[in-house]
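In the text below, chain A, chain B and the rest are named by the order of the sequence lines, each starting its count at 1. Predicted model only: the values in this text are computed from it and were never measured. Computed over heavy atoms, backbone and side chain alike; hydrogens, waters and symmetry mates excluded.
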Amino acid sequence: MSELQESVRVRFAPSPTGNLHIGGARTAIYNWAFARRHGGSFILRIEDTDPERSTPENTAQIMRSLRWLGLEWDEGPEVGGAFGPYLQTERNSTYGEALEQLKQRDAVYPCFCTPEELAVKREQAMSEKAYAGYDRSCRRIPVAQAQARIAAGEPHTWRLKVPLDRGDVAFEDEVYGLTTVPITQLDDLILVRSDGTPTYNFAVCVDDTLMRITHVIRGDDHMSNTPKQILIYEALGTRLPSFAHLSMILGSDGKRLSKRHGATSVEAYQNEGYFPEALVNYLALLGWSLDGETTIISAETLCASFSLDRVSKNPAIFDEAKLAWMNQAYLKAMGAEAFVEALEPFLVDCGFMRGKGPTVNLGGAYTLGALADPAAIKADIAENKAWYEAIHGLIAERAKTMTDVIPMIAYLFGGDTVELDPVSMEKCLFIDGASGIFDSVILALEEVCDWKGAKIENALRQVPEKLGIKAKPVFQAVRVAVCGTMVSPPLFESLELIGKDDVLSRLKVSRDILGWRESFS
RNA sequence: GUCCCCAUCGUCUAGCGGUUAGGACACCGCCCUUUCAAGGCGGAGAUCACGGGUUCAAAUCCCGUUGGGGAUGCCA
């Protein structure tokens with residue numbers, strides 16, 4: 001790699017034709033980490049030259065996702081910078097100037113072929129022989145004649161005059177190494193469309209030059225564009241940036257990641273309750289490795305150690321299970337305070353209000369659009385921080401994402417009642433002598449003054465001892481009565497959080513049910 | 001069609017001429033245990049896509065084949 005004689009400047013240049021997807025996020029992460037590693041600048045540029053598919057909403061969403069991931073850009077939309085504007089649609093005059101320059105250098109020529117004509121030519125050439133691009137017919141039009149046609153208002157594009165005597169185009173890719181493309185494969189590509197707007201390849205070269213980009217780190221799909229762009233740089237007479245291409249991220253079937261693979265956008269993972277740190281960690285290691293051993297890596301370490309020569313050339317299959325595992329690793333490692341902060345939006349969305357139960361409960365699914373007042377929920381969290389923080393210890397070893405947490409903790413919010421799961425009742429509640437056991441349990445718990453997990457456990461352990469039965473069925477019955485199901489977070493801590501009065505109420509409900517049941521048999 | 005690129009356990013990867021081919025996820029078993037997890041320990045899993053070379057020695061270097069991906073747009 002050549003010496004970095006000037007400060008590193010890299011860019012992430014998404015086109016806002018959709019939201020930020022997994023592949024784009026990884027490209028952004030590598031650019032960002034590379035900039036941080038070299039004390040350079042990370043620039044965001046929006047490539048919105050396609051008016052058909054670009055929307056301001058997508059631009060906003062992409063920026064939201066980047067910020068959520070913690071990838072702050074040093075220059076770009078909303079933060080400014082000395083080389084703006086950073087939206088290509090706002091840079092039209094710049095491309096116009098660049099085109100003028102190329103005209104003066106005799107590096108371009110007008111092409112009057114219509115899209116229809118070109119399509120016919122292409123199809124014909126493809127079927128007959130090896131098609132290698134535009135046949136350059138308009139290049140042979142005499143200058144005076146071309147000028148006259150332009151003056152007459154005939155629609156035309158501007159094409160690059162690829163030097164016929166130039167040898168093959170070669171470049172040293174920072175991850176793929178030397179790549180050479182025969183010049184015969186490169187045609188006179190269109191730089192400026194008939195409507196005066198620049199094409200992707202042209203805009204990229206002009207912008208990367210003007211924005212002083214030193215390293216172009218981008219998706220693999222641009223590998224074949226690179227030789228074309230090198231030709232444009234040469235026509236412009238500007239220095240080439242370094243290039244580094246990143247292999248693609250594939251779905252579980254080895255095919256290009258798409259909707260049918262499930263969540264592909266960063267936003268979707270955010271909504272599913274993944275942590276940005278975990279996503280960044282996972283994505284960073286999907287195609288790059290520190291040493292082959294490290295699986296959990298902080299953003300700081302990533303920024304201190306990222307290098308292009310350890311980027312993998314192989315396309316990688318996106319493994320949801322590993323991401324989920326990693327997310328849990330972050331969940332376990334994060335402090336209770338940070339956990340509550342992350343949990344709050346999910347509680348608000350689901351309408352979980354202490355004592356009032358989950359507001360929206362559709363057959364076990366807690367969905368967005370709750371009825372509870374968000375302000376009230378937030379206030380309750382603020383006033384009872386310790387209570388909410390205790391949840392972390394209950395679920396960290398059991399949940400992978402925040403959306404896992406929600407159904408897991410619903411029972412904590414029911415106040416004096418809980419929804420009882422029929423299967424769990426059948427298996428663990430309706431056991432021999434259950435109502436007697438419950439009488440003892442209630443009696444024992446009523447006597448607990450200091451309502452803490454350890455005290456509750458002591459009291460509860462005495463029940464099976466006195467009755468001369470095993471502890472397990474007793475605990476399981478209590479679990480069902482208080483938590484609603486036979487599978488739940490730790491029992492004693494749960495009882496502590498639910499509170500003595502509510503626990504006793506729930507136990508009495510079950511005791512009554514057992515009483516009625518026994519009276520019928 | 002033509003051009004470019006890629007190829008190590010199911011998955012992500014380490015490896016850069018000499019290793020019992022290492023780690024992580026997933027999987028299986030045991031331990032722990034009031035449930036579920038988590039954790040600990042152990043296991044299975046890769047003839048390094050295939051075929052030729054080069055070399056005393058090849059997963060590592062070279063050539064070919066096969067398979068996959070990308071480009072070949074007035075999309076990016």
Sugar-phosphate only, base, or nothing, as touched by A:P182 at under 4.0 Å among non-hydrogen atoms: sugar-phosphate
Sugar-phosphate, base or nothing in reach of A:P227, heavy atoms under 4.0 Å: nothing
Base partner of B:U60, which must satisfy Watson-Crick or wobble distances under 3.5 Å: none
Protein proximity profile, nucleotides 12-24 of chain B - base contact B, sugar-phosphate-only contact S, no contact -, cut-off 4.0 Å on heavy atoms: BSSS------BBB
Sugar-phosphate, base or nothing in reach of A:T180, heavy atoms under 4.0 Å: sugar-phosphate
Nucleotide nearest A:A321 (side chain, heavy atoms from C-beta), chosen from B:A26, B:U35, B:A76: B:A26
Minimum-distance nucleotide (side-chain atoms of A:D221 versus B:G70, B:U34, B:C74): B:G70
Salt bridge A:E465-A:R461, side-chain N to carboxylate O under 4.0 Å: no
Pair of N/O donor and acceptor under 3.5 Å linking B:C74 base with A:S194 side chain: yes
Minimum-distance nucleotide to A:M223 side chain [options: B:U34, B:C4, B:A76]: B:C4
A:R122, nearest nucleotide to its side chain (from B:G73, B:U34, B:C75): B:G73
Nearest-0.5 Å distance that lies between atom OG in A:S247 and atom CG in A:D221: 11.0 Å
Sugar-phosphate only, base, or nothing, as touched by A:T157 at under 4.0 Å among non-hydrogen atoms: base
Sugar-phosphate, base or nothing in reach of A:S54, heavy atoms under 4.0 Å: nothing
Touch class at under 4.0 angstrom, heavy-atom based, for A:K470 against every strand present: nothing
Heavy-atom pair of closest approach, residues A:A481 and A:V418: O-CG1, 3.5 Å
Touch class at under 4.0 angstrom, heavy-atom based, for A:R53 against every strand present: base
Sugar-phosphate, base or nothing in reach of A:A471, heavy atoms under 4.0 Å: nothing
Selection from B:G70, B:A26, B:A76 that lies nearest to any side-chain heavy atom of A:T199: B:A76
A:V181 side-chain proximity, nearest of B:U34, B:C75, B:C3: B:C3
Touch class at under 4.0 angstrom, heavy-atom based, for A:C111 against every strand present: nothing
Residue matched to B:C25 through Watson-Crick or wobble contacts both under 3.5 angstrom: B:G10
Nearest-neighbour nucleotide for the A:Q476 side chain, B:U35, B:C74, B:A76 considered: B:U35
Side chain of A:S224 (C-beta onward), nearest among B:C75, B:G70, B:U35: B:G70
